[in-house]
Peer 1: 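To start, I am sharing the structure in question, which I have written as structure tokens.
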Amino acid sequence: MYIKKVIKGNGKTNKRYKYFHLVESVRTEKGPRQRLILNLGKIDLDPSQYPSLSRRISDILTGQMSIYEVPLKIEQIARRAATKIFDKNSREEQSKSTDFQKVDIASLKTMGSRSFGGEYLCSSIWKELGISNFLLQSGVSPNTIPILEALVLNRLIDPGSERHTKEWVDNRSALYEISGRPLYHSLNSYYRGGDTLFKLKDKLEQYLYSSEKTLFSLQENIFFFDLTNTYFEGEAKGNPKAKFGKPKEKRTDCRLVTLGMIIDEKGFAKYSKLFPGNQAEGETLSTMIKELEKNLTPGSDKTIVLDAGIATSKNIHWLKENKYHYIVVNRGKPPFEKDFSAMKTIRGIEIKRFEVEEEAYILCRSKRKEAKEESMRTRIERLFTERLKYFKQGLTRRHGTKNYQRVVEMIGRLKEKYPQIAKLYSVQVLPESGKDSKDPGLKAIALNWEKNKKYEPEIISEGSYVLRTDRIDLSDEEIWNTYLMLGNIEYAWLSMKSHLGLRPNFHQKEKRVDTHIFASVLAYHILHIIEYRLHMSGDHRKWSTIRNLLSTHQRVTIAFRMEDEEGKITQKFIRTCTVPEVEHKRIYNLFGLSGKIARISSLVKYCSDHKKTSMHI
């Protein structure tokens, strides 16, 4: 074998391209000819290293050990090439009950270990949803679909950028052995694949909406809506959506983009949309619901559940006008006096119902929430009063601050730092008598404070909140339980941020950011189906636990030497999966999977007349 340089030109642009082929000389009826073994593409090596590279590829294929130290770069290129040759020459082996061969036990090696379990499970959900068929019908080339699947499944198994995805699927994952290899898989192929995926966003979400509805017999009665945001590393000047706002992660130094999502009562995602990072929460509802309506069955009653940030009076008015029911957290003061007497307890929560103008208000109080809020208030209150004491001591202490204007300024800054506690107290600074208050030399002689009694009801209300709804037909418990389902969307945010690579985002261009976030949304569809099925079977483990368990199910290549009937030694490779362990089988059984794909073997045509010590297996 040797390496041959090939130069091709583009007749239209007069551009010339240089490629490298791995070839071998063969005898034919017409004389010696060159046979192409593998197109190596572009390789960044000095021509003097080409013989070393071809020799190392041959050594790997025949199982020989190199007697010279091979440079790392040559070793990496050689191993990639050998893997491609093996894939190119491989064929599916017919299943046999027995197959006894003479094998050199000392030559047995395992190589090419790749993660298999997580990819196998996630790919089965991808196939069950029929996403590949949808992409084909949408005009996507079948040679590109494996890349799109890799972009999404990477978020579930080893989340990262497009560059990271390419490295993962090429070197550490068996995904392409399950889904099939793409025709081209340069780094640009992954960026272009992401662009293709995002162009189909609305159609793909509509398709998933109907597919999941059919597969899981989902209802269209209750929908939950919420927003989250993710931050960018860098200035993100190429993205008009990147704005400074109120970050969920408290990264006030970074620009943000906001993601809105609607899910149903079972936690299935229905629709998502990206907004600028400074988008006001209350202004997004109508836009999202109008998009959701494209998929809804007309005429049925639908209830929208919102958190306090989105439940503005304007949004509630819009829901009423468009004939949607609602369950929301009431903003501001409710239209009744809070009365905590005669409350009934449901699952550790005290609730009491009030009805005002065809709306039901459920006053809720949680002992745990009350203890948490009281703890937070008393801690900050202690810091506030300790600082006031320090200011007061400074009025009589040597080198302490005594200037009246300075003391007033310090108290003003203290109130700005602790606004929620400052309103509970009346603070008074007494100046020297008989002097003008504008006198720069005026001193403070006393500092007094006391708690305002008018805020006592606010303290009593700690741990309480009010739910507001027009569903007066529902019982108190039904209203409260429906609101609790809003936690499903909070879990969706948690999953995307912790397991699905939603943050941080290192892209700077708008379309790259849009694609990055949409891939995480698609990955959530698969993650939720996995967890939903586990839950239905009584298994309450999260995806992160399942992923770690399945990571030990690997796909490997077994290499060995065998002796044929003529006594020649031949190198053979078998590509197969490790035997699934008990826990692997239990998970696969829940999804109707066997945990196996076809065993592939390849008999490489590089032999030796030298006989090895062998035995039958």
Peer 1: Would K127 and S123 count as a side-chain hydrogen bond (donor to acceptor under 3.5 Å, both in side chains) here? Give the steps.
Peer 2: CA-CA 6 Å; K127 290 181 176 67; S123 185; 2.8 Å; yes
Peer 1: Pair Y207, L200 - check side chain to side chain contact (heavy atoms under 4.5 Å, CB included), show working.
Peer 2: CA-CA 10 Å; Y207 171 79; L200 297 170; over 6 Å; no
Peer 1: Can you tell me how far apart CD (E212) and OH (Y532) are? Round to the nearest 0.5 Å.
Peer 2: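 So the CD of E212 and the OH of Y532 are separated by 11.0 Å.
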Peer 1: Calculate, to the nearest 0.5 Å, the distance between atoms CD1 and CG belonging to I530 and L590 respectively.
Peer 2: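 The CD1 atom of I530 sits 11.5 Å away from the CG atom of L590.
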Peer 1: Enumerate the ring-ring contact (aromatic ring centres under 6.0 Å, His included) contacts for residues 142-179, please, sequence neighbours excluded, ordered by first and then second residue.
Peer 2: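 Of all non-adjacent pairs touching residues 142-179, none passes ring-ring contact (aromatic ring centres under 6.0 Å, His included).
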Peer 1: In sequence, state the C-alpha distance, the side-chain angles, and the governing distance for Q34 and K4, and then conclude on side-chain hydrogen bond (donor to acceptor under 3.5 Å, both in side chains).
Peer 2: CA-CA 10 Å; Q34 293 175 345; K4 175 183 177 183; 2.8 Å; yes
Peer 1: One pair to check against salt bridge (Lys or Arg N to Asp or Glu O under 4.0 Å): R555 and E119. What are the steps and the verdict?
Peer 2: CA-CA 11 Å; R555 190 147 174 89; E119 291 89 333; over 6 Å; no
Peer 1: Find the distance between CZ (R35) and CG (L22) and round it off to the nearest 0.5 Å.
Peer 2: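 Here the interatomic distance stands at 9.5 Å.
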Peer 1: Nearest 0.5 Å, please: how far is SG in C122 from CD1 in I157?
Peer 2: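 Interatomic distance, I157 CD1 to C122 SG, rounded to 0.5 Å: 4.5 Å.
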Peer 1: Would you mind reporting whether M562 and K102 have side-chain heavy atoms less than 4.5 Å apart?
Peer 2: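 Heavy-atom side-chain distance check fails, nothing below 4.5 Å.
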Peer 1: Side chains of N188 and S186: do they bring a donor and an acceptor to under 3.5 Å?
Peer 2: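 Not at all, the side chains of N188 and S186 share no donor-acceptor pair under 3.5 Å.
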Peer 1: So, for S520 and L500, which heavy atoms are closest and what is the spacing to 0.1 Å?
Peer 2: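 Result for this residue pair: OG-O, 2.8 Å.
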Peer 1: Are L534 and F591 packed together at the side-chain level, in the sense that at least one heavy-atom pair is separated by less than 4.5 angstrom?
Peer 2: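 With C-beta onward as the side chain, the pair touches.
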Peer 1: Would you mind reporting whether F116 and Q554 have side-chain heavy atoms less than 4.5 Å apart?
Peer 2: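 A side-chain contact is absent here, since even the closest heavy-atom pair is not under 4.5 Å.
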Peer 1: Only one of L175, L135, I178 clears side chain to side chain contact (heavy atoms under 4.5 Å, CB included) with E149; which?
Peer 2: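 One option only clears the test, and that one is L175.
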Peer 1: Heavy-atom distance under 4.5 Å between the side chains of S124 and L121, does that happen here?
Peer 2: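 Side chain of S124 against side chain of L121, heavy atoms only: contact under 4.5 Å found.
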Peer 1: With a 4.5 Å heavy-atom cut-off, do Y491 and S495 have their side chains touching?
Peer 2: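 Y491 reaches S495 side chain to side chain.
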Peer 1: Is the closest side-chain heavy-atom distance between F560 and D104 below 4.5 Å?
Peer 2: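 Not in contact.
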Peer 1: Quick check: closest heavy atoms across K73 and D44, and the distance to 0.1 Å?
Peer 2: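 That would be NZ-O, 2.9 Å.
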Peer 1: Test side chain to side chain contact (heavy atoms under 4.5 Å, CB included) on Y209 and K294; report intermediate values, then the result.
Peer 2: CA-CA 11 Å; Y209 181 108; K294 296 177 182 178; over 6 Å; no
Peer 1: Side-chain contact test, heavy atoms from C-beta onward, threshold under 4.5 Å: evaluate it for I587 versus R541 and give yes or no.
Peer 2: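 With C-beta onward as the side chain, the pair touches.
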Peer 1: Determine all donor-acceptor pairs shorter than 3.5 Å in which one atom belongs to a side chain in residues 138-146; sequence neighbours excluded.
Peer 2:
residue	atom	partner	partner atom	Å
S138	OG	F134	O	2.9
S141	OG	N143	N	3.2

Peer 1: Measuring from E490:CD to T228:OG1, what's the distance to the nearest 0.5 Å?
Peer 2: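 That separation rounds to 8.0 Å.
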Peer 1: Who are the side chain to side chain contact (heavy atoms under 4.5 Å, CB included) partners of H584, not counting sequence neighbours?
Peer 2: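 If we apply the side chain to side chain contact (heavy atoms under 4.5 Å, CB included) test to H584, skipping adjacent residues, the hits are L550, T552, H553, P580, E581, Y588.
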Peer 1: Taking all non-hydrogen atoms of both residues, which atom of L148 and which atom of G193 are closest, and how far apart?
Peer 2: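 Smallest heavy-atom distance, with atoms named: CD2-O, 3.0 Å.
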Peer 1: What heavy-atom pair brings F518 and L197 nearest, and what distance separates the two atoms?
Peer 2: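 Smallest interatomic distance, heavy atoms only, reads CE2-O, 3.6 Å.
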Peer 1: Name the one of R547, R114, K166, R172 that satisfies salt bridge (charged side-chain N to carboxylate O under 4.0 Å, His left out) with D158?
Peer 2: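 One option only clears the test, and that one is R172.
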Peer 1: Indicate yes or no: does D514 engage K241 in a salt bridge with an N to O separation below 4.0 Å.
Peer 2: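 Result for this pair is yes, salt bridge flagged.
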Peer 1: Can a salt bridge be assigned to the pair E291 and K201 using a cut-off of 4.0 Å between side-chain N and carboxylate O?
Peer 2: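 K201 and E291: not salt-bridged.
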Peer 1: Please report the shortest heavy-atom distance between M111 and R575, naming the atom on each side.
Peer 2: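 Taking M111 first and R575 second, the nearest heavy atoms are O-NH1, 3.8 Å.
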Peer 1: Please give me the minimum heavy-atom distance between S272 and L259, naming the atom from each residue.
Peer 2: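 Smallest heavy-atom distance, with atoms named: CB-CD1, 4.1 Å.
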Peer 1: Show your working on side chain to side chain contact (heavy atoms under 4.5 Å, CB included) between K511 and F198 and close with a plain yes or no.
Peer 2: CA-CA 8 Å; K511 66 178 182 179; F198 189 73; over 6 Å; no
Peer 1: If we only count heavy atoms from C-beta on, is the L53 to I43 side-chain gap below 4.5 Å?
Peer 2: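 L53 reaches I43 side chain to side chain.
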Peer 1: Drop me the distance from K572's NZ to S107's OG, to the nearest 0.5 angstrom.
Peer 2: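 One gets 12.5 Å once the value is rounded to the nearest 0.5 Å.
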Peer 1: Check whether any side-chain N or O of S58 sits under 3.5 Å from a backbone N or O of S54 as a donor-acceptor pair, and report yes or no.
Peer 2: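 Looks like no, no N/O pair under 3.5 Å.
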Peer 1: Evaluate side chain to side chain contact (heavy atoms under 4.5 Å, CB included) for K542 paired with L494, printing each intermediate quantity in order.
Peer 2: CA-CA 12 Å; K542 300 300 183 185; L494 175 65; over 6 Å; no
Peer 1: Is it the case that over 12 heavy atoms from other parts of the model lie below 6.0 angstrom from the CZ atom of R163?
Peer 2: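 No, because the 6.0 Å sphere around CZ of R163 holds 12 heavy atoms or fewer from other groups.
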